[in-house]
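Following: one structure in structure tokens, then a few remarks.
Along the sequence shown, residues are numbered consecutively beginning with 1. Since the structure is predicted, the reported quantities are computational estimates derived from the model, not experimental observations.
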Amino acid sequence: MTAKSVAAGLVLFLAAACTATPPRAQPAATTTGGSPVCAGPQGNPPPETPTTIDVVEQAYFCILANYYSGATLDTRALLTAGFAAFTRELNRGGRDLPEATMPALTGDRHADWAAFEAAWRRVAGRLPDDAGLQSRLAAATLQAIVTGLGDDHARWTHGAKRPPDSYDGDQYGLGLRANVGPQVSADPGAALPPLFVTAVLGGPAKDAGLRPGDVIESINRSAPFVDGQVTPAAVAALYPRYPEAREVRLRILRQEAGRRRTVTLKPELFQPDPATLQVVTTKLLRDGIAYVRLSGFAPDVADRTLRAISRMRTGHTLTGLVLDLRGNGGGSPEEVNRLLGAFAHGKVTAYQCTASLSTGDGACDPMRTDDSVTLLGLPLVVLTDRGCASACEHFSSAVKDLHLGRLVGTRTAGAVSGPAQPYLLGDNTTLTFPSTHHLAPGREVVDRVGVAPDHHVPLTPRDAAADRDPALDEALNLLHK
């Protein structure tokens with residue numbers, strides 16, 4: 001298997017599973033108590049069909065039946081968010097109507113849905129008989145209900161397209177990564193100025209001569225930070241998704257030269273630098289310290305990591321291990337537990353919990369180390385940053401709570417709601433959300449909070465420009481001590 005195909009598989013795996021690979025089942029078309037139910041997809045779903053209010057209803061009751069806190073949700077908030085999005089879409093098209101008024105809600109989930117649906121249909125029935133318009137209104141409603149969960153692992157996947165003539169390993173976009181990622185809108189308070197390039201993957205950014213450390217002073221003439229607060233819409237322009245094709249104008253400062261310039265990048269399909277496609281990257285550092293970088297917890301990554309460490313031990317005496325999880329977007333919790341089994345046995349690595357209607361705190365099932373793995377017996381330092389999310393935070397919080405090593409870098413993303421499960425909807429789109437909620441080994445909440453490093457060592461633009469890695473330097477100092 002090539003590095004490109006491995007990386008492409010990792011991207012698809014993370015997008016589909018977030019932190020878990022769910023069981024597959026045939027989609028159900030039956031109802032329970034008069035409400036449509038949902039089940040996991042089997043293989044690739046048929047082509048998408050227009051979204052309707054019936055699909056919105058299916059998604060609503062699917063969330064109530066399967067979401068980890070479905071029993072305790074205030075569904076009035078979800079329905080209000082959905083109706084607000086419906087009216088915004090009406091207004092956007094110049095079609096607002098006097099009847100577009102939110103009905104009174106009582107807290108009865110079925111009665112409130114009936115009132116919501118009746119009001120929605122009454123308004124939609126006054127509009128032109130336009131299938132595209134009706135689908136856009138329903139789609140806006142459904143997206144707002146999912147967004148209203150406020151869950152980093154809840155999403156509605158629809159309208160996904162691949163660029164024509166794309167191959168395994170191809171990427172689409174501007175060809176750069178910055179210190180503020182595309183997830184900034186979920187937690188804008190976590191972003192700190194300045195905005196700067198941390199990696200050039202290839203494509204438009206490489207062709208324009210951008211380098212790590214280049215400070216991005218403006219994006220399409222908008223400042224990425226105003227009074228220290230990030231501008232999410234501006235930063236989002238750095239990470240376009242196909243078929244977005246608008247040119248992006250950047251004002252760049254290269255600090256070491258004191259030079260400013262303006263570049264215009266157009267999103268395109270490109271072949272990234274092969275080094276950026278590696279899921280596992282290893283090297284032997286000075287004084288017998290092994291370095292392993294993991295870009296994600298893809299299937300088999302634990303065994304690949306352990307084999308790489310074993311190879312570095314051949315002919316050398318290892319004195320410590322630096323595990324670099326910066327930018328690791330997550331993956332499989334089973335791989336996390338297997339890799340943690342190389343550092344401790346008989347330990348709880350996390351809890352997966354449900355919510356109880358009576359107490360708010362439901363049953364919690366422990367996740368445990370894979371004790372079939374041979375212990376490495378090496379001092380451990382883990383490098384983290386805001387790009388370490390989901391399963392990466394499962395690993396980092398276990399290392400910290402179980403005292404398996406030290407964390408160096410910056411706080412993690414705070415995006416570890418729980419293992420996500422996909423559900424197929426009637427329009428052949430996919431609704432994904434967790435059925436359980438993650439707690440760290442000490443039963444603390446990591447989601448929206450993140451895991452704090454033991455040693456706070458941020459990267460600066462001058463570090464990136466000079467190819468310095470202060471977090472790695474601190475890790476080496478700790479291991480030498």
Side-chain angles (χ1 to χ4, degrees), residues 1-15 162-184 191 194-216 219-220 224 234-254 261 263-283 293-296 298 301 324-331 383 385-389 392 413 459 461 463-469 472:
M1 183 177 288
T2 66
K4 292 180 181 178
S5 62
V6 168
L10 173 63
V11 170
L12 292 174
F13 173 79
L14 298 183
R162 284 177 60 89
D165 303 321
S166 63
Y167 296 92
D168 285 352
D170 286 351
Q171 295 186 16
Y172 182 86
L174 304 183
L176 61 83
R177 281 200 298 258
N179 62 314
V180 181
Q183 73 282 359
V184 65
L195 178 68
F196 62 94
V197 176
T198 56
V200 175
L201 309 179
K206 182 178 181 180
D207 295 341
L210 296 188
R211 299 178 189 170
D214 284 347
V215 176
I216 303 173
I219 306 168
N220 293 330
V235 175
L238 297 178
Y239 305 101
R241 294 183 179 182
Y242 183 80
E244 298 173 34
R246 190 176 72 138
E247 291 183 339
V248 180
R249 181 183 174 93
L250 304 179
R251 179 73 169 170
I252 298 295
L253 167 64
R254 186 158 291 167
R261 66 187 181 111
V263 298
T264 299
L265 308 180
K266 183 176 177 59
E268 64 180 38
L269 198 67
F270 65 93
Q271 284 273 339
D273 182 338
T276 67
L277 298 173
Q278 298 293 330
V279 180
V280 180
T281 305
T282 65
K283 57 185 174 182
R293 183 182 183 100
L294 301 183
S295 63
V301 78
D324 191 345
L325 300 186
R326 293 173 294 185
N328 183 310
L383 305 184
D385 66 358
R386 276 287 177 180
C388 172
C392 182
L459 183 72
D463 291 328
D467 197 26
R468 292 192 298 263
D469 193 339
L472 178 57

Fill in the blank from the handout: Residue set satisfying side chain to side chain contact (heavy atoms under 4.5 Å, CB included) with Val197, at least two apart, ordered chain then number -> Val200, Asp214, Ile216
Fill in the blank from the handout: Heavy-atom nearest pair, Pro267 first then Tyr172, reads CB-OH, 3.6 Å
Practice task
Quick one: pull up SG in Cys392 and CG in Leu325 and give me the separation to the nearest 0.5 Å.
Solution key: 4.5 Å
Problem - Leu294 and Val280, any side-chain heavy atoms less than 4.5 Å apart - result: yes
Exercise for the section: Would you mind reporting whether Arg326 and Arg293 have side-chain heavy atoms less than 4.5 Å apart? Expected result: yes
Problem - Pairs touching residues 265-277 that satisfy salt bridge (Lys or Arg N to Asp or Glu O under 4.0 Å), sequence neighbours left out - result: none
Completion exercise
When every non-hydrogen atom of Ser295 is compared with those of Gln278, the smallest separation belongs to OG-O, 3.5 Å
Fill in the blank from the handout: Shortest non-hydrogen pair, Leu459 vs Arg468, comes out as CD1-O, 3.8 Å
Practice task
Would you indicate whether the side-chain heavy atoms of Leu174 and Pro240 approach each other to under 4.5 Å?
Solution key: yes
Practice task
Please identify each residue that fulfils side chain to side chain contact (heavy atoms under 4.5 Å, CB included) with Ala413, with sequence neighbours left out.
Solution key: Ala389, Glu393, Ala415
Exercise for the section: Check whether any side-chain heavy atom of Asn220 sits under 4.5 Å from a side-chain heavy atom of Val248, and report yes or no. Expected result: yes
Handout entry: Those residues that, when tested against Ser166, pass side chain to side chain contact (heavy atoms under 4.5 Å, CB included) (two or more places apart)
Key = Arg162, Pro163, Asp170, Leu269
Practice task
Take atom CZ of Arg251 as the centre, draw a 6.0 Å sphere, and report whether it contains more than 12 heavy atoms from other residues, nucleotides or ligands.
Solution key: yes
Handout entry: Member of Val215, Thr198, Asn179 meeting the side-chain contact (heavy atoms from CB on, under 4.5 Å) criterion with Pro461
Key = Val215
Problem - Residue list, ring-ring contact (aromatic ring centres under 6.0 Å, His included) with Phe270, at least two apart or on another chain - result: none
Exercise for the section: Decide yes or no on side-chain contact (heavy atoms from CB on, under 4.5 Å) for Leu176 and Leu265, but give the supporting numbers first. Expected result: CA-CA 11 Å; Leu176 61 83; Leu265 308 180; 4.1 Å; yes
Problem - Crowding at CZ, Arg241 (>12 non-hydrogen neighbours, <6.0 Å) - result: no
Practice task
Determine whether Tyr242 and Pro164 make a side-chain contact, defined as any pair of heavy atoms from C-beta on separated by less than 4.5 Å.
Solution key: yes
Problem - Any residue meeting side chain to side chain contact (heavy atoms under 4.5 Å, CB included) with Ala234, in chain and number order, not counting sequence neighbours - result: Ile219, Ser222, Thr231
Completion exercise
Tightest non-hydrogen contact, residues Pro204 and Gly175, listed as CD-N, 4.5 Å
Problem - Audit row: Leu250, Leu238, side-chain contact (heavy atoms from CB on, under 4.5 Å) steps and yes/no - result: CA-CA 9 Å; Leu250 304 179; Leu238 297 178; 3.7 Å; yes
Exercise for the section: Carefully, step by step, assess Asp324 and Leu472 under the rule side-chain contact (heavy atoms from CB on, under 4.5 Å). Expected result: CA-CA 9 Å; Asp324 191 345; Leu472 178 57; over 6 Å; no
